[in-house]
Structures are given as structure tokens and as C-alpha cells.
Undergrad: 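This is the structure I want to talk about, given as C-alpha cells.
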Amino acid sequence: MDTAAPRPSVLFVCVHNAGRSQMAAAFLTHLAGDRVEVRSAGSAPADQVNPAVVEAMAEAGIDVSAETPKILTTDAVRSSDVVVTMGCGDTCPVFPGKRYLDWRLDDPAGQGVDAVRPIRDEIERRVRGLLTELGCCDSNSPLPAMD
């Protein structure tokens with residue numbers, strides 16, 4: 001008989017799903033593995049992930065080059081336990097019983113990698129905190145040092 005608790009599901013949402021939400025989803029996937037179901041989406045998805053985000057995440061040892069921005073759907077919100085918004089405004093549907101967090105972070109759109117690094121580092125810090133709150137895994141998993 002499987003007595004394991006169901007794994008939590010987290011959805012990260014920003015406008016273009018090309019920067020902040022992609023970094024957050026990548027960090028959570030990297031740190032939690034299959035212990036957390038991870039989704040990301042945008043209210044107005046871009047054509048591709050921001051190249052400066054791809055570069056900044058590669059510096060952290062995480063490859064997001066194959067990721068593609070996805071449209072936010074009602075089903076994605078409905079099937080998530082925690083919804084983390086990052087500047088999507090009022091476009092994110094709200095359902096009772098869901099936990100909503102609003103992470104106010106600078107938008108990396110149009111920024112170079114030097115501007116993206118501090119946003120990346122803050123997202124990593126918040127994702128580690130979220131992992132601790134979820135209580136499903138060790139949020140102190142080592143990542144390569146970031147210069």
C-alpha cells in the first residue's frame with residue numbers, strides 16, 4: 001500500500017513566460033526533482049525564452065535552452081496547489097482552496113545577463129524558501145556557486 005503523501009504541484013506565472021517564471025520552474029525542478037510537479041505559464045507568452053535568462057541559468061548549471069513559453073490556462077491553475085504570480089496582474093484566474101503567492105521581482109525582459117543575475121539569485125532564494133514551506137524535500141541541495 002502506497003502511503004506517500006501526494007506530491008505538491010506549483011505553477012509559476014508571469015506575463016511572457018520567458019524569464020522569471022521559467023527561472024523559478026527550472027530551479028524548483030532542479031532542486032525538487034520529481035517530488036514536486038512544476039508548471040510555468042504566461043498570460044501573453046513570448047516566442048522564446050529570453051536569451052539572457054538562458055545564459056544566466058547556464059551559469060547556475062541549469063539548461064533552459066529547450067524550454068518554450070506556454071499560455072496560461074484555467075486548467076493549469078485548477079490543477080496546481082500553489083500558484084506563484086510574478087507580475088501577471090489580474091489575468092491569473094483565482095480558485096478557492098489554492099495558495100497564491102505574489103513574488104514582486106524585476107522583469108528581465110530586454111535586460112542583459114548582468115541585470116538578470118540578481119533576479120535569478122533572488123528567484124533561487126525564494127524557490128528554496130518555498131521548498132522549505134512545502135516540506136517535501138531538502139531545499140539545501142547544492143548548486144554550483146554563482147559568481
Side-chain angles (χ1 to χ4, degrees), residues 4-46 48-50 52-111 113-146:
R7 68 185 181 145
S9 175
V10 178
L11 169 65
F12 294 101
V13 182
C14 67
V15 176
H16 301 297
N17 190 224
R20 296 167 288 186
S21 56
Q22 289 284 351
M23 288 190 282
F27 273 123
L28 186 54
T29 299
H30 183 82
L31 294 168
D34 61 0
R35 294 169 290 187
V36 177
E37 186 176 358
V38 182
R39 298 180 182 87
S40 71
S43 53
Q48 65 180 15
V49 174
N50 178 336
V53 166
V54 173
E55 184 178 342
M57 292 302 288
E59 292 173 357
I62 300 174
D63 182 8
V64 297
S65 63
E67 297 299 325
T68 55
K70 294 167 274 310
I71 186 73
L72 176 64
T73 65
T74 301
D75 286 342
V77 177
R78 186 179 290 123
S79 60
S80 299
D81 300 312
V82 179
V83 179
V84 180
T85 58
M86 304 173 185
C88 71
D90 296 329
T91 60
C92 191
V94 176
F95 291 101
K98 303 290 174 200
R99 179 175 174 207
Y100 290 87
L101 301 172
D102 185 35
W103 291 357
R104 298 185 186 275
L105 298 158
D106 290 338
D107 189 347
Q111 303 291 318
V113 72
D114 289 341
V116 173
R117 285 183 190 112
I119 300 167
R120 173 203 63 199
D121 296 347
E122 178 61 15
I123 289 171
E124 179 189 359
R125 187 187 70 74
R126 292 183 188 203
V127 165
R128 288 180 182 277
L130 178 61
L131 275 171
T132 299
E133 291 174 29
L134 292 173
C136 63
C137 37
D138 177 13
S139 64
N140 294 314
S141 301
L143 279 176
M146 291 184 239

Undergrad: Please tell me if the side chains of Leu131 and Val36 come closer than 4.5 Å, counting only heavy atoms from C-beta onward.
TA: yes
Undergrad: Can any side-chain N or O of Asn17 pair as donor or acceptor with the backbone N or O of Pro45 at less than 3.5 Å?
TA: no
Undergrad: Excluding sequence neighbours, so at least two apart, what forms salt bridge (charged side-chain N to carboxylate O under 4.0 Å, His left out) with Glu67?
TA: none
Undergrad: Locate the shortest heavy-atom distance separating Leu105 from Ile123; write the atom from each residue and the value.
TA: CD1-CG1, 3.6 Å
Undergrad: Would a 4.5 Å heavy-atom cut-off, applied to side chains only, mark Met57 and Val49 as touching?
TA: no
Undergrad: Roughly how far, to the nearest 0.5 Å, is the CD atom of Glu122 from the CH2 atom of Trp103?
TA: 9.0 Å
Undergrad: Contact between Tyr100 and Val77 at the side-chain level, heavy atoms closer than 4.5 Å - yes or no?
TA: yes
Undergrad: Using distance alone, with no hydrogens and no angle criterion, decide if Asp81 and Ser9 have a side-chain donor and acceptor under 3.5 Å apart.
TA: no
Undergrad: Just how far is it from atom CG of Leu72 to atom CG of Leu11, taken to the nearest 0.5 Å?
TA: 6.5 Å
Undergrad: Nearest 0.5 Å, please: how far is OG in Ser21 from CZ in Arg39?
TA: 14.0 Å
Undergrad: Do the charged groups of Glu124 and Arg120 touch, with an N to O distance under 4.0 Å?
TA: no
Undergrad: Taking side-chain contact (heavy atoms from CB on, under 4.5 Å) as the criterion, tell me which of Val84, Thr29, Val127 meets it with Val10.
TA: Val84
Undergrad: For a 4.5 angstrom cut-off between non-hydrogen side-chain atoms, does Val15 reach Asp107?
TA: no
Undergrad: Measuring from atom CZ of Phe12 to atom CZ of Arg20, what distance do you get when rounded to the nearest 0.5 angstrom?
TA: 13.0 Å
Undergrad: We want to know whether Asp75 and Thr73 form a side-chain donor-acceptor pair, criterion being a heavy-atom distance below 3.5 angstrom.
TA: no
Undergrad: Report the distance from atom CG of Leu28 to atom CG of Leu134, rounding to the nearest 0.5 Å.
TA: 7.5 Å
